[in-house]
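Letters A, B, ... mirror the listed sequences (proteins, then strands); counts begin at 1.
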There are 2 protein chains.
Amino acid sequence: MKNNITMKDIADKLGVSSVTVSKALNDKEGVSDSLKLKIKKVAGEMGYRFNSAAKSIKEGLSYNIGVMIPERFTGLNDSFYLRVYQQIAVHLDHYGYFGILNILSSEDEEELNFPRLYSENRVDGIIILGQVSKKYIETVENMELPKLFLDFYDEHAEIDSIVTDNFYGAYELTNYLIHCGHRDIAYVGNIYSTSSIQDRFLGYYKSLLEHGLVFEDRMLLSDRDERGKFIEIELPEKMPTAFVCNCDQVAYNLCERLNDHGYRVPEDCSVVGFDNDIYATLTSPPLTTMEVDIEQMARTAVKSIMEKVSNPNRRNGRVMVQGKIIFRDSVRKLDSAK
Amino acid sequence: MKNNITMKDIADKLGVSSVTVSKALNDKEGVSDSLKLKIKKVAGEMGYRFNSAAKSIKEGLSYNIGVMIPERFTGLNDSFYLRVYQQIAVHLDHYGYFGILNILSSEDEEELNFPRLYSENRVDGIIILGQVSKKYIETVENMELPKLFLDFYDEHAEIDSIVTDNFYGAYELTNYLIHCGHRDIAYVGNIYSTSSIQDRFLGYYKSLLEHGLVFEDRMLLSDRDERGKFIEIELPEKMPTAFVCNCDQVAYNLCERLNDHGYRVPEDCSVVGFDNDIYATLTSPPLTTMEVDIEQMARTAVKSIMEKVSNPNRRNGRVMVQGKIIFRDSVRKLDSAK
DNA sequence: CTGAAAGCGCTTACAG
DNA sequence: CTGAAAGCGCTTACAG
């Protein structure tokens with residue numbers, strides 16, 4: 001133990017009790033204003049630092065929230081989750097909380113180990129950021145702690161979740177294309193790969209249906225194999241006038257491919273992406289896309305987990321966070337547009 | 001307080017004392033192997049979770065390390081520091097530690113406030129990740145805690161630091177260009193902007209000197225204004241055969257600019273970058289560049305801070321972490337190359 | 001308005 | 001090999 005200054009030290013110096021010091025420093029009632037002031041002043045002078053561990057042990061609260069990100073989402077170009085985590089940290093701060101990052105190793109996920117965060121009682125709640133295996137979801141369910149899925153959900157698990165509104169987002173983007181006069185619109189993505197890709201496809205599909213447009217098989221282009229590895233996108237014989245891509249990176253790949261085949265964006269084909277990540281600004285022209293509202297997701301997640309910490313029975317169900325369309329120059333307004 | 005299971009509960013159940021339970025669970029001496037086993041078994045069955053706060057208060061250690069990142073480095077495309085933080089978290093785990101992220105708001109930096117991390121005694125040490133203001137460096141110096149600068153240093157401050165070997169990295173890259181037969185090599189970067197840009201320039205310069213090449217003013221191209229905002233790079237009248245860029249993003253910008261002017265990479269001009277970030281793979285052809293070894297930086301930082309936690313007088317000085325050249329296709333071997 | 005006592009859950013000497 | 005006692009720094013009743 002370093003020779004830290006404690007409340008007792010301050011109390012001794014001023015000839016009062018440590019109870020009084022505690023009350024003064026926490027702005028509680030029962031200490032005269034003048035004494036409070038004097039105590040705070042001396043505390044400052046002595047370089048007193050509050051010992052949060054002592055408070056924790058009394059209250060049974062750590063004032064930390066754990067954020068678990070599966071290892072596989074932390075690759076080089078995958079900074080999305082890290083940015084979410086960062087926003088979470090910022091918002092936790094408003095509640096006097098801190099965020100502790102726990103990368104979930106593939107091994108622990110496989111072996112269904114509890115995270116150390118949990119078994120050492122380091123946190124008052126856990127946010128699982130990024131899809132974990134079905135099996136591991138059960139492990140999470142067994143943790144006696146407020147918990148929250150962020151950016152994914154499980155239809156069976158009784159755990160609150162917060163996700164981007166993929167369905168509505170793709171629906172809106174497709175509506176926009178139709179509004180611009182497009183009638184032959186393709187969707188790019190392997191819809192069996194992830195639930196977001198599938199949900200975004202369904203939003204696209206709903207828009208088609210609502211506008212009386214017929215979906216044909218040739219309008220669905222795959223972008224990756226079953227293991228998630230990107231493949232070369234096969235352009236259809238009869239070219240659509242517009243493409244809804246399941247994410248910006250794929251939109252970027254598509255643009256490259258279109259250019260290679262002599263198609264120009266947006267003169268010959270219009271393209272929209274999803275995410276508004278770095279790839280959206282690397283094409284020329286930059287992409288019209290759906291911005292995932294990271295800040296809002298983080299804010300909502302923090303609010304939800306804090307509610308659950310103060311009331312463990314609180315249920316918020318599945319919350320959708322809406323994005324917003326970023327209009328850029330990758331969509332052409334056809335003459336047929338009204 | 002939630003109705004948590006404590007060591008006392010396990011002790012009562014087995015008719016032993018909590019001291020014995022503590023010893024057993026911590027694999028300390030003084031408990032028979034059979035009792036140890038039994039205690040561990042019961043602990044598991046009862047879903048016992050260790051209360052780290054209680055340990056903290058006894059030992060005066062939180063088993064957390066704080067990582068402070070100035071707010072301005074956490075922008076959209078600036079995931080570098082977040083990736084470093086993530087690696088730090090992974091390595092801290094090996095020591096039984098966790099990482100707590102504290103974004104340093106511009107306001108706190110301006111007003112020279114201690115981070116809450118520190119004033120609440122939440123961590124055993126602090127890693128400052130990313131350059132903070134001169135003034136704030138003094139504030140950091142006043143914190144009575146092991147601390148470490150990561151990815152920057154201050155010539156005056158008596159604080160250990162870990163940085164990429166910018167100087168040697170640029171030196172090596174330039175050597176490589178010369179080895180490929182280039183004699184007229186420009187450097188791209190505002191050398192008054194940051195110390196890394198300057199250090200990289202000096203490495204480039206050393207290579208020129210060593211090879212008897214003369215540096216001319218026209219060979220220094222600025223890439224940003226005094227406020228760090230990228231500007232359009234002005235190509236010199238007499239074009240060099242190769243460019244050393246202070247980072248990949250600038251190399252990317254330069255390639256665009258070269259293409260616009262009808263120069264092809266690497267046929268007409270060779271280009272090398274620095275960082276090996278996403279921009280290095282977005283040019284065509286992809287860039288030969290210096291990979292900053294994030295993993296190594298994080299590992300070194302964690303090792304250093306842990307040493308300082310166990311021995312507060314430990315000084316490691318300024319440690320350089322070497323990168324390695326990633327060879328790709330943006331450099332042409334000239335015929336004059338030996 | 002002020003403080004003595006008890007307790008949070010654990011660990012560290014020390015005694016048996 | 002086992003355990004009673006004390007203590008880490010704080011807060012929460014409760015008494016004065």
Side-chain angles (χ1 to χ4, degrees), chain A residues 1-40 42-43 46-64 96 118-124 144, chain B residues 1-40 42-43 46-64 96 118-124 144:
Chain A
M1 186 65 202
K2 292 156 297 181
N3 52 341
N4 265 330
I5 288 121
T6 68
M7 288 188 178
K8 187 81 177 54
D9 296 327
I10 302 173
D12 288 349
K13 185 144 198 171
L14 284 168
V16 298
S17 80
S18 60
V19 177
T20 301
V21 174
S22 170
K23 283 174 186 162
L25 260 25
N26 286 297
D27 270 325
K28 297 240 164 111
E29 296 193 340
V31 188
S32 67
D33 284 351
S34 59
L35 220 201
K36 256 189 203 176
L37 233 58
K38 204 190 298 179
I39 289 174
K40 285 185 185 172
V42 173
M46 296 177 76
Y48 170 74
R49 284 189 288 146
F50 182 73
N51 186 325
S52 55
K55 188 183 185 189
S56 283
I57 204 177
K58 276 295 287 184
E59 303 188 358
L61 287 173
S62 65
Y63 295 98
N64 288 136
Y118 174 74
S119 47
E120 290 182 6
N121 246 313
R122 300 279 201 127
V123 293
D124 302 336
E144 293 175 5
Chain B
M1 185 67 203
K2 292 158 296 179
N3 51 340
N4 264 331
I5 288 121
T6 70
M7 288 189 179
K8 187 83 178 56
D9 297 327
I10 302 172
D12 289 349
K13 185 144 194 171
L14 285 168
V16 298
S17 83
S18 60
V19 177
T20 302
V21 174
S22 171
K23 283 175 186 160
L25 260 25
N26 286 297
D27 270 325
K28 298 241 162 111
E29 297 194 338
V31 187
S32 66
D33 283 352
S34 60
L35 221 201
K36 257 190 201 174
L37 234 58
K38 205 192 294 179
I39 289 174
K40 286 185 184 171
V42 172
M46 294 176 78
Y48 170 74
R49 283 189 289 147
F50 183 73
N51 186 326
S52 55
K55 188 182 184 190
S56 283
I57 205 176
K58 277 295 286 183
E59 304 189 357
L61 287 174
S62 65
Y63 295 99
N64 289 136
Y118 174 72
S119 47
E120 290 181 6
N121 244 314
R122 299 281 200 127
V123 294
D124 302 337
E144 294 175 4

To the nearest Å, give me how far apart [atom1] ([X]) and [atom2] ([N]) are.
| X | N | atom1 | atom2 | result |
| --- | --- | --- | --- | --- |
| A:Asp27 | D:dC10 | CG | C1' | 17 Å |
| B:Asn51 | C:dG7 | CG | C1' | 14 Å |
| A:Lys36 | C:dG3 | NZ | C1' | 16 Å |
| B:Ile5 | C:dC8 | CD1 | P | 16 Å |
| A:Tyr63 | C:dC8 | OH | C1' | 13 Å |
| A:Ile39 | C:dG3 | CD1 | P | 8 Å |
| B:Ile57 | D:dG9 | CD1 | P | 7 Å |
| B:Asp9 | C:dC8 | CG | C1' | 13 Å |

Checklist entry - Counting side-chain heavy atoms from CB outward, which of C:dG3, D:dG3, C:dT2 is closest to A:Leu35? => result C:dT2
Checklist entry - Between D:dT2, D:dG3, D:dC10, which nucleotide has the shortest distance from any of its atoms to the side chain of A:Thr6? => result D:dC10
Using a cut-off of strictly less than 4.0 Å, decide whether [X] has a side-chain nitrogen or oxygen near OP1 or OP2 of [N].
| X | N | value |
| --- | --- | --- |
| B:Tyr48 | C:dG9 | no |
| A:Ser52 | D:dC10 | no |
| A:Thr20 | C:dT2 | no |

Checklist entry - Is there any salt bridge (charged side-chain N to carboxylate O under 4.0 Å, His left out) pair reaching into residues 11-25 of chain B, and which pairs are they, with sequence neighbours excluded? => result B:Lys8-B:Asp12
Item to check | A:Phe50: ring-ring contact (aromatic ring centres under 6.0 Å, His included) partners, not counting sequence neighbours | outcome: none
Got a list of protein N/O to nucleotides 11-15 of chain D N/O distances below 3.5 Å?
unit_1	atom_1	unit_2	atom_2	d
D:dT11	OP1	A:Asn26	ND2	3.0
D:dT11	OP2	A:Ser22	OG	2.3
D:dT11	OP2	A:Asn26	ND2	3.3
D:dT11	O2	A:Lys58	NZ	3.3
D:dT12	OP2	A:Lys28	NZ	3.0

Checklist entry - Excluding sequence neighbours, so at least two apart, what forms salt bridge (charged side-chain N to carboxylate O under 4.0 Å, His left out) with B:Lys28? => result none
Checklist entry - Residues in side-chain contact (heavy atoms from CB on, under 4.5 Å) with B:Asn64, at least two apart? => result A:Ile100, A:Arg122, B:Ser62, B:Phe98, B:Ile100, B:Val123
Checklist outcome for this item: Contacts of A:Lys40 meeting side-chain contact (heavy atoms from CB on, under 4.5 Å) (sequence neighbours excluded), chain-then-number -> A:Leu25, A:Asp27
Item to check | Residues that A:Tyr63 engages under side chain to side chain donor-acceptor pair (under 3.5 Å), provided they are two or more places apart | outcome: A:Glu59
Item to check | Sequence-distant partners of A:Ser119, side chain to side chain donor-acceptor pair (under 3.5 Å), two or more places apart | outcome: none
Checklist outcome for this item: Closest non-hydrogen atoms of B:Ala24 and B:Ile39, given as atom of the first, atom of the second and distance, are CB-CD1, 3.6 Å
Item to check | Considering all heavy atoms, the nearest A:Tyr118-A:Glu144 contact | outcome: OH-N, 2.9 Å
Next on the checklist: Show me the dot-bracket string of DNA chain D, counting Watson-Crick or G-U pairs under 3.5 Å, with | for pairs to another strand and [ ] for crossing ones.
Outcome noted: |||.||||||||.|||
